[in-house]
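Only one structure is covered here, and it is reproduced in the block below.
If you're wondering where the values come from, they're calculated on a predicted model, not measured in any experiment. No hydrogens, no waters, no symmetry mates; every other heavy atom, side chains included, goes into these values.
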Amino acid sequence: MSIFTSIASSNPLQNAFFQSLPTVHISTKRRKRPLIEMKKSMDELVPIYSTRRAFNVSILTVILSIPFSSFAMAIDEVLELERYTDSAQGFTLLKPSSWIKVDKAGATVLFQDANKGSNNVGVVVIPVKITTLSQFGTPQFVADKLILAEKRKESTKEAEVVSVSERTGEGGLQVYEFEYKVDSTRGGLKRILSAAFVASGKLYLLNIAHSDGLESPINPDKRNTLEQILHSFDIAPST
């Protein structure tokens, strides 16, 4: 979150083995087995077969009773979103319902993945003297400032802008959106999605950070969810 603050202010076996084995003479004459004995053997097999079949059926029943979503969850967490509105500060956005709210110096609000704290969604609200975001600079200008701030960190190994865009928010509000990736000694490779707007003498900054390394890349569904959060960031509707 300190980035935004700085922006606001600036193997086989051998044949010999088989040859060494003793010769065994096997009679090819078959001995008739009494019918009664054969029937008895079959009767003994029936309960064994029935038991195995019942065991296999029970396993199948258990598997089929587990919702498919449980298997999906083992692969990747499914993020469900809910609306969060801060009426006092005047902003609203969607956030993962399973992520917890934590206190952190410099952040107006911060939500973290309980299993991986480096995955988070945070908002910073800073008083400014400008009335529109364009007075601060173009979207590309702000993106360049974001990357510059990241590169100045000792932990940053590489930082690169992926995309820059602009959209219209509530009541014609000018909103800048950015996507960039950062590789650092703290948390490895991350994907960052950010948004910013100015309203009522305040600069509102959204920062969405999520791990996106080779071992755990963001899948399309999760990426889509993170983009929903990005596009939902807006000024709170007036009551």
Side-chain angles (χ1 to χ4, degrees), residues 1-10 84 86 89-91 93 95-96 99 101-113 116-167 169 173-214 216-218 223 226-227 229-235:
M1 305 310 295
S2 59
I3 298 174
F4 291 131
T5 304
S6 63
I7 291 176
S9 66
S10 72
Y84 175 84
D86 187 326
Q89 290 293 345
F91 68 89
L93 77 159
K95 75 168 192 71
W99 289 14
K101 183 178 179 181
V102 298
D103 293 326
K104 184 175 182 179
T108 302
V109 67
L110 181 65
F111 302 100
Q112 290 184 344
D113 182 340
K116 191 176 181 65
S118 58
N119 293 341
N120 56 69
V121 172
V123 175
V124 172
V125 179
I126 308 169
V128 291
K129 294 182 179 180
I130 59 178
T131 57
T132 64
L133 197 56
S134 58
Q135 288 180 291
F136 184 75
T138 64
Q140 188 61 56
F141 174 81
V142 178
D144 291 340
K145 290 295 183 181
L146 282 171
I147 293 302
L148 182 59
E150 284 287 357
K151 289 182 176 179
R152 285 176 175 169
K153 289 183 177 181
E154 293 183 1
S155 59
T156 300
K157 297 190 292 184
E158 184 180 356
E160 178 186 354
V161 175
V162 176
S163 66
V164 177
S165 62
E166 182 178 346
R167 65 175 167 85
L173 187 69
Q174 186 179 38
V175 184
Y176 288 177
E177 294 184 341
F178 319 95
E179 178 180 353
Y180 59 100
K181 53 186 179 181
V182 176
D183 189 7
S184 72
T185 56
R186 298 179 181 178
L189 188 62
K190 291 182 181 180
R191 184 73 54 163
I192 311 294
L193 299 176
S194 299
F197 63 80
V198 171
S200 304
K202 299 176 184 178
L203 173 61
Y204 295 80
L205 300 155
L206 168 70
N207 193 64
I208 306 169
H210 201 286
S211 58
D212 191 22
L214 295 177
S216 58
I218 299 178
R223 179 182 175 79
L226 297 180
E227 289 180 347
I229 298 173
L230 177 69
H231 302 326
S232 72
F233 186 52
D234 210 329
I235 188 169

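The heavy-atom pair separating P96 from I229 by the smallest distance is CD-CD1, 3.8 Å. Across all non-hydrogen atoms, the minimal contact from T156 to E150 is OG1-O, 2.7 Å. Shown here for A195 and V175, the closest heavy-atom pair between the two residues is CB-CG1, 4.4 Å. Closest heavy-atom contact between L206 and L230: CD2-CA, 4.0 Å. Residue P139 comes nearest to V164 through the heavy atom pair CB-CG1, 3.3 Å, listed as atom of the first residue, atom of the second, then distance. For the residue pair A209 and I192, the shortest heavy atom distance occurs at CB-CD1, 3.7 Å.
One finds the CG atom of L193 at 13.0 Å from the CZ atom of F233 (value rounded to the nearest 0.5 Å). Here CG of D144 is found 12.5 Å from OH of Y180. Values are rounded to the nearest 0.5 Å. Distance check, rounded to the nearest 0.5 Å: CD of Q140 to CD of E166 gives 12.5 Å. Taking CZ from R167 and CG from D234, the interatomic distance works out to 6.0 Å, rounded to the nearest 0.5 Å. If you take CZ on R191 and CD1 on I218, they are separated by 6.5 Å, rounding to the nearest 0.5 Å. With values rounded to the nearest 0.5 angstrom, K129 atom NZ is found 14.5 Å from F136 atom CZ.
Under the side chain to side chain donor-acceptor pair (under 3.5 Å) criterion, K190 pairs with no residue at all, not counting sequence neighbours. Legend: residues meeting side chain to side chain donor-acceptor pair (under 3.5 Å) with R186, ordered by chain and number and at least two apart, are absent.
With a 4.5 Å cut-off on side-chain heavy atoms, K153 and S184 do not count as touching. In this structure the side chain of K181 never reaches within 4.5 angstrom of the side chain of D212, judged on heavy atoms. Looking at heavy atoms from C-beta onward, Q112 lies out of side-chain contact with W99 at the 4.5 angstrom threshold.
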Yes or no on side-chain contact (heavy atoms from CB on, under 4.5 Å) for V125 and D86, after CA distance, side-chain angles and deciding distance? CA-CA 11 Å; V125 179; D86 187 326; over 6 Å; no

Can S194 and L205 be said to form a side-chain contact (heavy atoms from CB on, under 4.5 Å), step by step? CA-CA 7 Å; S194 299; L205 300 155; over 6 Å; no

side-chain contact (heavy atoms from CB on, under 4.5 Å) between H210 and L226: does it pass, once the steps are laid out? CA-CA 9 Å; H210 201 286; L226 297 180; 3.8 Å; yes

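Between the side chain of N120 and the main chain of S118, a donor-acceptor pair closer than 3.5 Å is present. Counting only distance, with no hydrogens or angles, the side chain of D183 and the backbone of K157 share no donor-acceptor pair below 3.5 Å. Here the side chain of N119 pairs a donor or acceptor atom with the backbone of S211 at under 3.5 angstrom. Q174 places a side-chain N or O within 3.5 Å of a backbone atom of S134 that can act as its donor or acceptor partner. A donor-acceptor pair is defined here as one N or O able to donate and one able to accept, closer than 3.5 Å; no such pair exists between the side chain of Y176 and the backbone of A143. Side-chain N or O atoms of Y204 include one that pairs as donor or acceptor with a backbone N or O of Q89 at under 3.5 Å.
Exactly one residue among V142, V198, T138, L173 makes a side-chain contact (heavy atoms from CB on, under 4.5 Å) with L133. That residue is V198.
Taking the six-membered ring where tryptophan is involved, the planes of F91 and Y84 are tilted, since the angle between them lies from 30° to 60°.
No more than 12 heavy-atom neighbours from other residues, nucleotides or ligands sit within 6.0 angstrom of CD on E154.
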